[in-house]
Amino acid sequence: MTSTPTTSTTGPHPALPVHHGDPFGHEVLEDPAAFHEELREAGPVVHLSRYDVFAMARYAEVHAALRDWQSFESGAGVGLSNFRSEPPWRPPSLLLESDPPRHDAPRRVLSGLLAPRALRRLRERWRAAAADLVDDLLARGTEFDAVPALAEAFPLHVFPDAVGIPDEGRENLLPYGEFLFNAFGPHNDLVEAGAARAGDLAAWVNAQCRREVLADGGFGAQIWAAADRGEITPDQAPLVVRSLLSAGVDTTVHGLGAVLHAVATFPEQWRRLREQPHLARVAFDEAVRWASPVQTFFRTATTDVRVGDAVVPAGNKILMFLASANRDPRRWDDPAAFDLSRDPSGHVGFGFGIHQCVGQHVARLEAESLLTALAERVESIEVAGPVVRHHNNTMRALGSLPLRVRPA
Ligand code: OVV
(Lines give C-alpha, C1' and ligand atoms only; values in the text may rest on other atoms or scores of the structure.)
Protein backbone atom coordinates (compact mmCIF):
# COMPACT_ATOMS: atom_id res chain seq x y z
CA MET A 1 0.00 0.00 0.00
CA THR A 2 1.13 3.57 -0.58
CA SER A 3 2.14 5.53 2.48
CA THR A 4 -0.64 7.44 4.19
CA PRO A 5 -0.86 11.17 3.59
CA THR A 6 0.64 13.34 6.25
CA THR A 7 0.10 17.04 6.78
CA SER A 8 3.31 19.01 6.67
CA THR A 9 3.81 22.30 8.49
CA THR A 10 7.57 22.37 8.13
CA GLY A 11 8.12 21.39 4.51
CA PRO A 12 8.58 23.73 1.55
CA HIS A 13 4.82 24.34 1.34
CA PRO A 14 3.45 24.90 4.83
CA ALA A 15 -0.25 24.24 5.29
CA LEU A 16 -0.36 21.89 2.30
CA PRO A 17 -1.00 18.20 2.84
CA VAL A 18 1.73 15.97 1.46
CA HIS A 19 1.49 12.54 -0.12
CA HIS A 20 4.65 10.47 -0.43
CA GLY A 21 3.30 7.86 -2.84
CA ASP A 22 4.12 7.37 -6.52
CA PRO A 23 1.17 7.87 -8.89
CA PHE A 24 3.26 6.21 -11.63
CA GLY A 25 4.33 3.18 -9.60
CA HIS A 26 3.07 -0.24 -10.60
CA GLU A 27 1.02 -0.68 -7.44
CA VAL A 28 -1.03 2.45 -8.19
CA LEU A 29 -1.22 1.73 -11.93
CA GLU A 30 -2.63 -1.72 -11.19
CA ASP A 31 -5.46 -0.26 -9.11
CA PRO A 32 -5.43 3.49 -8.49
CA ALA A 33 -8.68 3.70 -6.47
CA ALA A 34 -7.14 3.75 -2.97
CA PHE A 35 -4.46 6.26 -3.98
CA HIS A 36 -7.08 8.54 -5.51
CA GLU A 37 -9.21 8.39 -2.38
CA GLU A 38 -6.20 9.27 -0.21
CA LEU A 39 -5.49 12.32 -2.38
CA ARG A 40 -9.13 13.46 -2.38
CA GLU A 41 -9.37 13.07 1.39
CA ALA A 42 -6.05 14.84 2.00
CA GLY A 43 -7.36 18.13 0.63
CA PRO A 44 -8.15 20.19 -2.46
CA VAL A 45 -4.45 20.52 -3.35
CA VAL A 46 -1.78 18.06 -2.23
CA HIS A 47 1.99 18.18 -2.56
CA LEU A 48 3.48 15.01 -4.09
CA SER A 49 6.85 14.83 -2.38
CA ARG A 50 8.22 12.15 -4.67
CA TYR A 51 8.24 14.46 -7.71
CA ASP A 52 7.90 17.85 -5.98
CA VAL A 53 4.70 18.60 -7.88
CA PHE A 54 1.16 19.47 -6.80
CA ALA A 55 -1.96 17.41 -7.33
CA MET A 56 -5.69 17.95 -7.58
CA ALA A 57 -7.94 14.93 -7.29
CA ARG A 58 -11.38 16.32 -6.38
CA TYR A 59 -13.93 16.99 -9.10
CA ALA A 60 -14.58 20.66 -8.22
CA GLU A 61 -10.93 21.71 -8.27
CA VAL A 62 -9.99 19.65 -11.33
CA HIS A 63 -12.96 21.04 -13.24
CA ALA A 64 -12.19 24.63 -12.21
CA ALA A 65 -8.48 24.33 -13.03
CA LEU A 66 -9.16 22.84 -16.48
CA ARG A 67 -11.35 25.87 -17.26
CA ASP A 68 -8.66 28.29 -16.11
CA TRP A 69 -6.11 28.05 -18.90
CA GLN A 70 -4.77 31.50 -18.01
CA SER A 71 -3.56 30.31 -14.57
CA PHE A 72 -2.79 26.72 -15.57
CA GLU A 73 -0.93 26.64 -18.85
CA SER A 74 -0.32 23.73 -21.22
CA GLY A 75 2.55 25.29 -23.17
CA ALA A 76 5.15 24.10 -20.64
CA GLY A 77 3.99 20.56 -21.47
CA VAL A 78 1.23 18.45 -19.96
CA GLY A 79 3.62 15.83 -18.63
CA LEU A 80 5.97 15.92 -15.66
CA SER A 81 8.74 17.44 -17.75
CA ASN A 82 8.75 21.25 -17.87
CA PHE A 83 9.52 22.39 -21.42
CA ARG A 84 10.87 25.70 -20.07
CA SER A 85 13.75 23.88 -18.41
CA GLU A 86 14.01 20.53 -20.26
CA PRO A 87 13.91 19.93 -24.01
CA PRO A 88 10.75 18.00 -25.05
CA TRP A 89 11.31 14.52 -26.51
CA ARG A 90 9.44 15.55 -29.70
CA PRO A 91 8.39 18.95 -31.08
CA PRO A 92 5.46 20.07 -28.89
CA SER A 93 1.92 19.47 -30.11
CA LEU A 94 0.26 22.61 -31.48
CA LEU A 95 -2.96 21.57 -29.75
CA LEU A 96 -2.17 19.71 -26.56
CA GLU A 97 1.03 21.46 -25.53
CA SER A 98 0.18 25.02 -26.44
CA ASP A 99 -1.88 27.96 -25.21
CA PRO A 100 -3.88 30.72 -26.85
CA PRO A 101 -3.29 32.42 -29.17
CA ARG A 102 -1.01 29.80 -30.84
CA HIS A 103 -3.39 27.03 -29.92
CA ASP A 104 -6.47 28.54 -31.54
CA ALA A 105 -6.04 28.21 -35.31
CA PRO A 106 -5.02 24.53 -35.23
CA ARG A 107 -7.86 23.86 -32.78
CA ARG A 108 -10.40 25.60 -35.00
CA VAL A 109 -9.33 23.55 -38.04
CA LEU A 110 -9.57 20.21 -36.21
CA SER A 111 -12.85 21.09 -34.47
CA GLY A 112 -14.41 21.70 -37.87
CA LEU A 113 -13.11 18.48 -39.40
CA LEU A 114 -14.12 16.36 -36.42
CA ALA A 115 -17.50 17.97 -35.69
CA PRO A 116 -20.56 15.67 -35.56
CA ARG A 117 -21.94 16.97 -38.88
CA ALA A 118 -18.59 16.38 -40.62
CA LEU A 119 -18.57 12.77 -39.41
CA ARG A 120 -21.98 11.88 -40.84
CA ARG A 121 -20.36 10.61 -44.04
CA LEU A 122 -18.48 8.00 -41.98
CA ARG A 123 -21.45 6.67 -40.08
CA GLU A 124 -22.80 4.11 -42.59
CA ARG A 125 -19.33 2.83 -43.42
CA TRP A 126 -18.33 2.44 -39.77
CA ARG A 127 -21.60 0.71 -38.89
CA ALA A 128 -21.04 -1.79 -41.71
CA ALA A 129 -17.41 -2.31 -40.69
CA ALA A 130 -18.47 -3.02 -37.09
CA ALA A 131 -21.17 -5.45 -38.25
CA ASP A 132 -18.62 -7.34 -40.39
CA LEU A 133 -16.08 -7.44 -37.57
CA VAL A 134 -18.59 -8.84 -35.07
CA ASP A 135 -20.01 -11.34 -37.61
CA ASP A 136 -16.51 -12.64 -38.39
CA LEU A 137 -15.65 -12.89 -34.71
CA LEU A 138 -18.83 -14.78 -33.80
CA ALA A 139 -18.30 -17.14 -36.74
CA ARG A 140 -15.00 -18.15 -35.13
CA GLY A 141 -16.47 -18.85 -31.69
CA THR A 142 -18.07 -17.38 -28.60
CA GLU A 143 -14.96 -16.97 -26.43
CA PHE A 144 -12.28 -14.46 -27.32
CA ASP A 145 -9.93 -11.84 -25.95
CA ALA A 146 -11.84 -8.61 -26.54
CA VAL A 147 -8.70 -6.45 -26.41
CA PRO A 148 -7.17 -7.58 -29.72
CA ALA A 149 -10.43 -8.91 -31.23
CA LEU A 150 -12.58 -5.79 -30.74
CA ALA A 151 -11.00 -2.91 -28.81
CA GLU A 152 -7.89 -2.84 -31.01
CA ALA A 153 -9.27 -4.31 -34.21
CA PHE A 154 -12.08 -1.82 -34.73
CA PRO A 155 -10.23 1.51 -34.36
CA LEU A 156 -7.26 0.13 -36.30
CA HIS A 157 -9.63 -0.85 -39.08
CA VAL A 158 -11.54 2.43 -39.42
CA PHE A 159 -9.44 5.32 -38.07
CA PRO A 160 -6.22 5.14 -40.13
CA ASP A 161 -8.39 4.90 -43.28
CA ALA A 162 -10.33 7.99 -42.17
CA VAL A 163 -7.07 9.91 -41.70
CA GLY A 164 -5.86 8.59 -45.05
CA ILE A 165 -2.49 7.05 -44.20
CA PRO A 166 -1.19 4.09 -46.24
CA ASP A 167 -1.56 0.49 -45.00
CA GLU A 168 2.13 -0.07 -44.60
CA GLY A 169 3.48 0.44 -41.10
CA ARG A 170 0.14 0.77 -39.31
CA GLU A 171 1.43 -1.68 -36.71
CA ASN A 172 3.51 1.28 -35.46
CA LEU A 173 0.48 3.30 -34.37
CA LEU A 174 -0.24 1.58 -31.04
CA PRO A 175 3.42 1.39 -29.95
CA TYR A 176 3.88 5.07 -30.80
CA GLY A 177 0.88 6.06 -28.67
CA GLU A 178 2.01 3.75 -25.92
CA PHE A 179 5.39 5.49 -25.73
CA LEU A 180 3.92 8.98 -26.08
CA PHE A 181 1.50 8.47 -23.17
CA ASN A 182 4.23 6.90 -21.02
CA ALA A 183 6.44 9.90 -21.78
CA PHE A 184 4.03 12.26 -19.98
CA GLY A 185 5.10 10.55 -16.75
CA PRO A 186 8.49 10.30 -15.04
CA HIS A 187 11.45 8.60 -16.67
CA ASN A 188 10.60 5.26 -15.04
CA ASP A 189 10.89 1.64 -16.20
CA LEU A 190 7.89 2.07 -18.54
CA VAL A 191 9.60 4.89 -20.45
CA GLU A 192 12.93 3.08 -20.32
CA ALA A 193 11.41 -0.04 -21.89
CA GLY A 194 10.07 1.95 -24.87
CA ALA A 195 12.97 4.34 -25.36
CA ALA A 196 14.94 2.20 -27.82
CA ARG A 197 12.10 2.21 -30.38
CA ALA A 198 10.82 5.75 -29.81
CA GLY A 199 13.00 7.44 -32.42
CA ASP A 200 12.01 5.02 -35.19
CA LEU A 201 8.33 5.17 -34.25
CA ALA A 202 8.37 8.97 -34.25
CA ALA A 203 10.14 9.04 -37.61
CA TRP A 204 7.49 6.74 -39.08
CA VAL A 205 4.63 8.83 -37.66
CA ASN A 206 6.20 12.06 -38.93
CA ALA A 207 6.56 10.55 -42.40
CA GLN A 208 2.79 9.83 -42.47
CA CYS A 209 2.03 13.52 -41.92
CA ARG A 210 3.42 14.63 -45.29
CA ARG A 211 0.96 15.84 -47.87
CA GLU A 212 2.10 13.31 -50.53
CA VAL A 213 1.27 10.23 -48.46
CA LEU A 214 -2.23 11.28 -47.33
CA ALA A 215 -5.18 9.97 -49.37
CA ASP A 216 -7.66 12.38 -50.94
CA GLY A 217 -10.72 13.10 -48.84
CA GLY A 218 -9.26 11.94 -45.52
CA PHE A 219 -8.76 14.05 -42.40
CA GLY A 220 -5.07 14.40 -43.26
CA ALA A 221 -5.73 15.81 -46.74
CA GLN A 222 -8.38 18.11 -45.27
CA ILE A 223 -5.83 19.51 -42.81
CA TRP A 224 -3.52 20.28 -45.75
CA ALA A 225 -6.47 21.87 -47.58
CA ALA A 226 -6.99 24.14 -44.56
CA ALA A 227 -3.33 25.18 -44.91
CA ASP A 228 -3.98 25.97 -48.61
CA ARG A 229 -6.87 28.22 -47.50
CA GLY A 230 -4.57 30.01 -45.05
CA GLU A 231 -6.37 28.78 -41.92
CA ILE A 232 -3.11 27.33 -40.61
CA THR A 233 0.41 27.66 -42.04
CA PRO A 234 1.96 24.92 -44.20
CA ASP A 235 4.53 24.20 -41.49
CA GLN A 236 1.72 23.63 -38.97
CA ALA A 237 -0.16 21.11 -41.13
CA PRO A 238 2.06 18.07 -40.49
CA LEU A 239 1.96 18.67 -36.73
CA VAL A 240 -1.84 18.85 -36.77
CA VAL A 241 -1.95 15.53 -38.66
CA ARG A 242 0.48 14.17 -36.05
CA SER A 243 -2.02 15.07 -33.30
CA LEU A 244 -4.63 12.82 -34.95
CA LEU A 245 -2.19 9.93 -35.13
CA SER A 246 -1.01 10.59 -31.56
CA ALA A 247 -4.28 11.04 -29.74
CA GLY A 248 -6.69 9.09 -31.94
CA VAL A 249 -5.74 5.44 -31.65
CA ASP A 250 -4.66 4.20 -28.20
CA THR A 251 -7.25 6.41 -26.48
CA THR A 252 -10.16 4.90 -28.41
CA VAL A 253 -8.76 1.39 -28.01
CA HIS A 254 -8.76 1.82 -24.24
CA GLY A 255 -12.13 3.58 -24.26
CA LEU A 256 -13.66 0.64 -26.14
CA GLY A 257 -11.87 -1.77 -23.82
CA ALA A 258 -13.41 0.08 -20.88
CA VAL A 259 -16.96 -0.08 -22.18
CA LEU A 260 -16.63 -3.78 -23.05
CA HIS A 261 -15.22 -4.46 -19.58
CA ALA A 262 -18.08 -2.45 -18.05
CA VAL A 263 -20.94 -4.22 -19.84
CA ALA A 264 -19.38 -7.61 -19.09
CA THR A 265 -19.10 -6.70 -15.40
CA PHE A 266 -22.58 -5.14 -15.09
CA PRO A 267 -24.85 -7.58 -17.00
CA GLU A 268 -28.07 -5.72 -16.14
CA GLN A 269 -26.64 -2.69 -17.97
CA TRP A 270 -26.00 -4.81 -21.07
CA ARG A 271 -29.61 -5.97 -20.94
CA ARG A 272 -30.70 -2.37 -20.79
CA LEU A 273 -28.51 -1.40 -23.71
CA ARG A 274 -29.98 -4.22 -25.79
CA GLU A 275 -33.50 -3.03 -25.01
CA GLN A 276 -32.63 0.60 -25.74
CA PRO A 277 -29.82 0.68 -28.31
CA HIS A 278 -29.94 4.48 -28.40
CA LEU A 279 -28.14 4.25 -25.01
CA ALA A 280 -24.91 3.24 -26.80
CA ARG A 281 -23.50 6.76 -26.57
CA VAL A 282 -24.47 7.13 -22.92
CA ALA A 283 -22.83 3.75 -22.28
CA PHE A 284 -19.60 4.95 -23.84
CA ASP A 285 -19.50 8.22 -21.89
CA GLU A 286 -20.38 6.41 -18.69
CA ALA A 287 -17.48 4.01 -19.38
CA VAL A 288 -15.15 6.96 -20.00
CA ARG A 289 -16.25 8.34 -16.61
CA TRP A 290 -16.02 4.92 -14.93
CA ALA A 291 -12.57 3.97 -16.24
CA SER A 292 -10.99 7.24 -17.44
CA PRO A 293 -8.80 5.88 -20.27
CA VAL A 294 -6.72 9.05 -19.90
CA GLN A 295 -6.08 9.12 -16.15
CA THR A 296 -4.03 12.28 -15.70
CA PHE A 297 -2.49 15.30 -17.37
CA PHE A 298 -0.33 18.05 -15.86
CA ARG A 299 -0.69 21.79 -16.08
CA THR A 300 1.86 24.45 -15.03
CA ALA A 301 1.05 27.45 -12.81
CA THR A 302 1.67 30.70 -14.71
CA THR A 303 1.61 32.77 -11.50
CA ASP A 304 1.14 32.06 -7.80
CA VAL A 305 -2.32 30.49 -7.93
CA ARG A 306 -4.50 30.42 -4.84
CA VAL A 307 -6.61 27.27 -4.50
CA GLY A 308 -8.65 27.35 -1.31
CA ASP A 309 -6.20 28.19 1.47
CA ALA A 310 -3.21 26.98 -0.50
CA VAL A 311 -0.95 28.63 -3.06
CA VAL A 312 0.59 26.80 -5.99
CA PRO A 313 3.72 28.83 -6.72
CA ALA A 314 4.36 30.07 -10.28
CA GLY A 315 6.24 27.66 -12.51
CA ASN A 316 5.17 24.52 -10.64
CA LYS A 317 3.54 21.50 -12.21
CA ILE A 318 0.09 20.37 -11.07
CA LEU A 319 -1.12 16.84 -11.78
CA MET A 320 -4.83 16.76 -12.62
CA PHE A 321 -6.38 13.44 -11.66
CA LEU A 322 -9.19 13.17 -14.22
CA ALA A 323 -9.85 9.60 -13.12
CA SER A 324 -10.23 10.57 -9.49
CA ALA A 325 -12.50 13.52 -10.33
CA ASN A 326 -14.65 11.12 -12.33
CA ARG A 327 -15.16 9.00 -9.20
CA ASP A 328 -15.33 11.75 -6.60
CA PRO A 329 -18.25 10.91 -4.28
CA ARG A 330 -18.66 14.68 -3.72
CA ARG A 331 -19.89 14.81 -7.32
CA TRP A 332 -21.18 11.32 -8.20
CA ASP A 333 -23.60 8.98 -6.43
CA ASP A 334 -22.16 5.47 -6.13
CA PRO A 335 -19.24 6.44 -8.40
CA ALA A 336 -17.87 2.90 -8.82
CA ALA A 337 -21.14 1.72 -10.40
CA PHE A 338 -21.41 1.66 -14.19
CA ASP A 339 -24.98 2.87 -14.51
CA LEU A 340 -26.80 3.85 -17.70
CA SER A 341 -29.48 5.69 -15.76
CA ARG A 342 -27.08 8.41 -14.64
CA ASP A 343 -26.14 11.44 -16.74
CA PRO A 344 -22.36 11.10 -17.15
CA SER A 345 -22.05 14.19 -19.33
CA GLY A 346 -20.19 16.29 -16.74
CA HIS A 347 -17.28 13.85 -16.55
CA VAL A 348 -13.77 15.14 -17.20
CA GLY A 349 -12.52 11.99 -18.95
CA PHE A 350 -12.22 14.05 -22.15
CA GLY A 351 -10.86 16.98 -20.16
CA PHE A 352 -12.71 20.26 -20.00
CA GLY A 353 -12.35 23.80 -21.32
CA ILE A 354 -10.37 24.90 -24.37
CA HIS A 355 -8.37 21.64 -24.59
CA GLN A 356 -11.33 19.29 -24.18
CA CYS A 357 -10.88 16.32 -26.49
CA VAL A 358 -11.37 17.54 -30.05
CA GLY A 359 -11.79 13.94 -31.24
CA GLN A 360 -14.52 12.96 -28.81
CA HIS A 361 -17.18 12.76 -31.54
CA VAL A 362 -14.96 10.38 -33.50
CA ALA A 363 -14.53 8.23 -30.40
CA ARG A 364 -18.30 8.23 -29.76
CA LEU A 365 -19.04 7.26 -33.34
CA GLU A 366 -16.60 4.35 -33.13
CA ALA A 367 -18.13 3.22 -29.85
CA GLU A 368 -21.70 3.61 -31.07
CA SER A 369 -20.91 1.61 -34.21
CA LEU A 370 -19.30 -1.24 -32.31
CA LEU A 371 -21.79 -1.37 -29.43
CA THR A 372 -24.75 -1.31 -31.80
CA ALA A 373 -23.34 -4.18 -33.86
CA LEU A 374 -22.76 -6.17 -30.68
CA ALA A 375 -26.15 -5.37 -29.16
CA GLU A 376 -27.90 -6.65 -32.30
CA ARG A 377 -25.99 -9.93 -32.20
CA VAL A 378 -25.12 -10.78 -28.62
CA GLU A 379 -27.61 -11.60 -25.88
CA SER A 380 -25.21 -11.76 -22.96
CA ILE A 381 -21.55 -11.06 -22.26
CA GLU A 382 -19.51 -12.34 -19.35
CA VAL A 383 -15.91 -12.21 -18.25
CA ALA A 384 -14.45 -15.64 -18.98
CA GLY A 385 -10.99 -15.43 -17.42
CA PRO A 386 -8.50 -13.16 -15.69
CA VAL A 387 -8.76 -9.50 -16.68
CA VAL A 388 -5.18 -8.31 -17.10
CA ARG A 389 -4.21 -4.66 -16.74
CA HIS A 390 -1.66 -3.06 -19.01
CA HIS A 391 0.36 -0.40 -17.15
CA ASN A 392 0.98 2.97 -18.76
CA ASN A 393 2.00 6.24 -17.08
CA THR A 394 -1.07 8.06 -18.43
CA MET A 395 -3.62 5.56 -19.70
CA ARG A 396 -5.74 3.04 -17.86
CA ALA A 397 -5.55 0.09 -20.18
CA LEU A 398 -6.35 -3.60 -20.44
CA GLY A 399 -3.81 -6.12 -21.64
CA SER A 400 -6.39 -8.88 -21.86
CA LEU A 401 -10.18 -9.10 -21.49
CA PRO A 402 -11.37 -12.69 -21.97
CA LEU A 403 -15.08 -12.69 -22.78
CA ARG A 404 -17.70 -15.36 -23.35
CA VAL A 405 -20.80 -14.29 -25.27
CA ARG A 406 -24.16 -15.88 -25.99
CA PRO A 407 -25.26 -15.01 -29.54
CA ALA A 408 -28.79 -13.67 -29.85
C1 OVV B 1 -4.79 14.50 -26.22
C2 OVV B 1 -3.48 14.17 -26.86
C3 OVV B 1 -2.77 13.11 -26.44
C4 OVV B 1 -1.56 12.82 -27.02
C5 OVV B 1 -1.09 13.63 -28.05
C6 OVV B 1 -1.78 14.71 -28.48
C7 OVV B 1 -3.00 14.99 -27.89
C8 OVV B 1 -1.23 15.57 -29.58
O9 OVV B 1 -1.82 16.59 -29.91
O10 OVV B 1 -0.18 15.22 -30.12
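Counting convention: from 1, in listed order, for ligands and their atoms alike. Note that the structure is predicted; figures quoted are calculated from it, not measured. The chain is numbered in sequence order, starting from 1.
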### atom 10 (O) of ligand 1: nearest protein contact (heavy atom, Å)
Arg90 NH2, 2.8 Å
### Residue Leu180 vicinity, atoms of ligand 1 by number, heavy atom under 4.0 Å
4 (C), 5 (C)
### Summary
The atoms of ligand 1 lying under 4.0 Å from a heavy atom of Phe181, numbered in the order shown, are 3 (C), 4 (C)
### Query
Looking at Tyr59, does the NZ or CZ of Arg331 lie under 6.0 angstrom from its six-membered ring centre and within 45 degrees of the ring axis?
yes
### Query
Do any N/O atoms on Arg242 end up under 3.5 angstrom from N/O atoms on ligand 1?
no
### Query
Which ligand 1 atoms, with their elements, are less than 4.0 angstrom from a heavy-atom of Ser93?
8 (C), 9 (O), 10 (O)
### Task
Can you run down the salt bridge (charged side-chain N to carboxylate O under 4.0 Å, His left out) pairs that involve residues 344-366, sequence neighbours left out, and say none if there aren't any?
Asp285-Arg364
### Query
Do Asp22 and Tyr51 meet the criterion of a side-chain donor-acceptor pair at a distance under 3.5 Å?
yes
### Task
Taking only heavy atoms of Ser246 into account, list the atoms of ligand 1 that are under 4.0 Å away from them.
5 (C), 10 (O)
### Task
Starting from atom 1 (C) of ligand 1, find the nearest protein heavy-atom neighbour and note its residue, name and distance.
Leu96 CD1, 3.7 Å
### Task
Kindly write out the residues that satisfy ring-ring contact (aromatic ring centres under 6.0 Å, His included) with Phe321, not counting sequence neighbours, or none if the list is empty.
His36
### Donor on one side chain, acceptor on other, Arg396 and Ser292, under 3.5 Å
no
### Task
Kindly state whether the ring of Phe297 and the ring of His355 have centres lying under 6.0 angstrom apart.
no
### Message
For atom 2 (C) of ligand 1, what is the closest protein heavy atom, and at what distance to 0.1 Å?
### Response
Ala247 CB, 3.4 Å
